[in-house]
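Report on one structure; see the data block that follows.
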Amino acid sequence: MQVIPAIDLRGGLCVRLRQGDYDRETVFGDDPAAMAGRWVSEGATRIHLVDLDGAKAGKPVNVEAVRSIVAAVGVPCQLGGGVRDEKTIDAWLDAGLDRVIVGTQALRDPSWFRSMAEKHPGRLVLGLDARDGMVATDGWLETSDVSAAELAATFDALPLAAIIYTDIARDGTLEGPNLDATAALCRRVKTPVIASGGVGEITDVDRLATLPVAGCIVGRALYEGKFSLKDAVERAERASSRS
C-alpha cells in the first residue's frame, strides 16, 4: 500500500479543510513546493494535489503553485479539483502531472469521461467523494442521488489508473477512515482503490494496509505531527511484506 501525502492548495497556500468545509480551513504553509520536497525526503513516492479553488470554480486556479511542485520533486504527482474538460486534462498532463483526477464531470457526463479515459489510458483517476454513500460534486458543495459504489461499477471496465474514495464525513477529522465502505468498494471493482479521509493515527495506516487498497492519502495527521510520513511508509511496507 502506497502512503500518499496530500497538499491541498487554496490561494497558493497549503491548507486543510474539515469535512470539505471552505469556512473551516487551517493554513499549514506558504511554500507548497518546499512542502512537497519535505514529503519526498521522508519517503513519499507520489504526491496528491488538490486545487481547492479550482474545485469550486470549475477551472484550474492554483496553476503556478502546481507547476512549482512538479518542477521541485522527482516523484509522480496527481491532481484533482476543477477538471471539467479535455483542455484542462491536456494542460495538466502537459505540465508534468502523472495523473489527473476527475470527479464532478464524470458524474455529469459519463460518455465524455469514458472517451477521456480511453484517450489517456492509465492517466486518469476517478475521484469518488461520498457523503453518506452518495457522490458529492462541485468541490463537495452539492450531493447527488448516485451512490459511489454504483458510479465506480459503471466505469470499472475503463483503463483508469485508480479510484480515489473519500468519505467526506471523515475527511480532515482525524477520526479514522471508513474501513467498511472502503473494503466494500474494493470488493465491487477491479480498478485499484486509493483510500482517502480520516487517517488520524499510525494504527489507521495499519488497518488500511489489511485491506486490498493500492494506497492511502494522508493529510492533516501529517501536518499536525500525529505521526511521521517515514513511519507510515515503513509500516505500510512491513504490512505488504506480510501479506
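On a predicted model such as this, the values are computed, not experimentally measured, just so you know.
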* Of all pairs that satisfy side chain to side chain donor-acceptor pair (under 3.5 Å), the ones with a partner from residues 182-194, not counting sequence neighbours -> Asp156-Thr191
Which atom pair, heavy atoms only, marks the closest approach of [X] to [Y]?
X	Y	answer
Val233	Gly43	CG2-O, 4.0 Å
Gly122	Ala161	O-CB, 3.4 Å
Ile202	Phe227	N-CD2, 3.4 Å
Leu185	Ala149	CD1-CA, 4.2 Å
Ala117	Leu158	CB-CD1, 3.9 Å
Ala136	Arg131	CB-NH1, 3.8 Å

So, taking the atom named [atom1] in [X] and the one named [atom2] in [Y], what distance separates them when rounded to the nearest 0.5 Å?
X	Y	atom1	atom2	value
Leu124	Phe155	CG	CZ	11.0 Å
Asp85	Ile89	CG	CD1	7.5 Å
Ser196	Asn178	OG	CG	12.0 Å
Arg38	Asp31	CZ	CG	12.5 Å
Leu9	Cys14	CG	SG	6.0 Å
Ile217	Ile7	CD1	CD1	12.0 Å

* In chain order, what residues pass the side chain to side chain contact (heavy atoms under 4.5 Å, CB included) check against Asp109, with sequence neighbours excluded? ->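 Partners of Asp109 by the side chain to side chain contact (heavy atoms under 4.5 Å, CB included) criterion, ordered by chain and then number, come out as Gln105, Ser111, Trp112.
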* Report the residues that fulfil side chain to side chain contact (heavy atoms under 4.5 Å, CB included) with Arg207, sequence neighbours left out, ordered by chain and then residue number. =>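 For Arg207, the residues satisfying side chain to side chain contact (heavy atoms under 4.5 Å, CB included) (neighbours in sequence not counted) are Leu179, Glu201, Thr203, Asp204.
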Hydrophobic cluster membership, with links at side-chain heavy-atom distances under 4.5 Å among I/L/V/M/F/W/Y: are [X] and [Y] in one?
X	Y	answer
Val102	Leu52	no
Leu128	Leu211	yes
Val100	Val73	yes
Leu208	Val125	no
Val15	Ile69	no

* To do: List the steps and the verdict of side chain to side chain contact (heavy atoms under 4.5 Å, CB included) for Met1 and Val205.
  => CA-CA 9 Å; Met1 183 184 74; Val205 175; 3.7 Å; yes
* Decide yes or no on side chain to side chain contact (heavy atoms under 4.5 Å, CB included) for Asp90 and Glu86, but give the supporting numbers first. => CA-CA 6 Å; Asp90 291 341; Glu86 183 174 3; 3.6 Å; yes
* **Under 3.5 Å side-chain donor-acceptor pair for Glu42 and Ser228** => no
Side chains of [X] and [Y]: does their closest heavy-atom pair fall under 4.5 Å?
X	Y	answer
Ile164	His48	yes
Cys186	Val213	yes
Leu97	Leu49	yes
Val75	Ile47	yes
Leu126	Tyr165	no

* To do: Decide side chain to side chain contact (heavy atoms under 4.5 Å, CB included) for Lys87 and Lys59; before the verdict, give the C-alpha distance in whole Å, the side-chain angles of both, and the deciding distance to 0.1 Å.
  => CA-CA 10 Å; Lys87 180 180 178 181; Lys59 61 181 180 181; over 6 Å; no
* To do: Apply side chain to side chain contact (heavy atoms under 4.5 Å, CB included) to the pair Asp98 and Arg46, showing each step before the final yes or no.
  => CA-CA 9 Å; Asp98 176 58; Arg46 176 176 294 276; 3.0 Å; yes
* To do: Output all residues satisfying ring-ring contact (aromatic ring centres under 6.0 Å, His included) with Tyr223, sequence neighbours left out; order by chain, then residue number.
  => Phe28, Trp39
* If you measure from the Lys or Arg side-chain nitrogens to the Asp or Glu carboxylate oxygens, is any gap between Arg114 and Glu118 under 4.0 Å? -> no
* Asked: Can any side-chain N or O of Asp30 pair as donor or acceptor with the backbone N or O of Leu13 at less than 3.5 Å?
  -> no
* **By salt bridge (charged side-chain N to carboxylate O under 4.0 Å, His left out) - contacts of Arg67 (at least two apart)** =>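 Partners of Arg67 under the salt bridge (charged side-chain N to carboxylate O under 4.0 Å, His left out) test: none.
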* **Partner residues of Arg235 under the salt bridge (charged side-chain N to carboxylate O under 4.0 Å, His left out) criterion, sequence neighbours left out** => Asp206
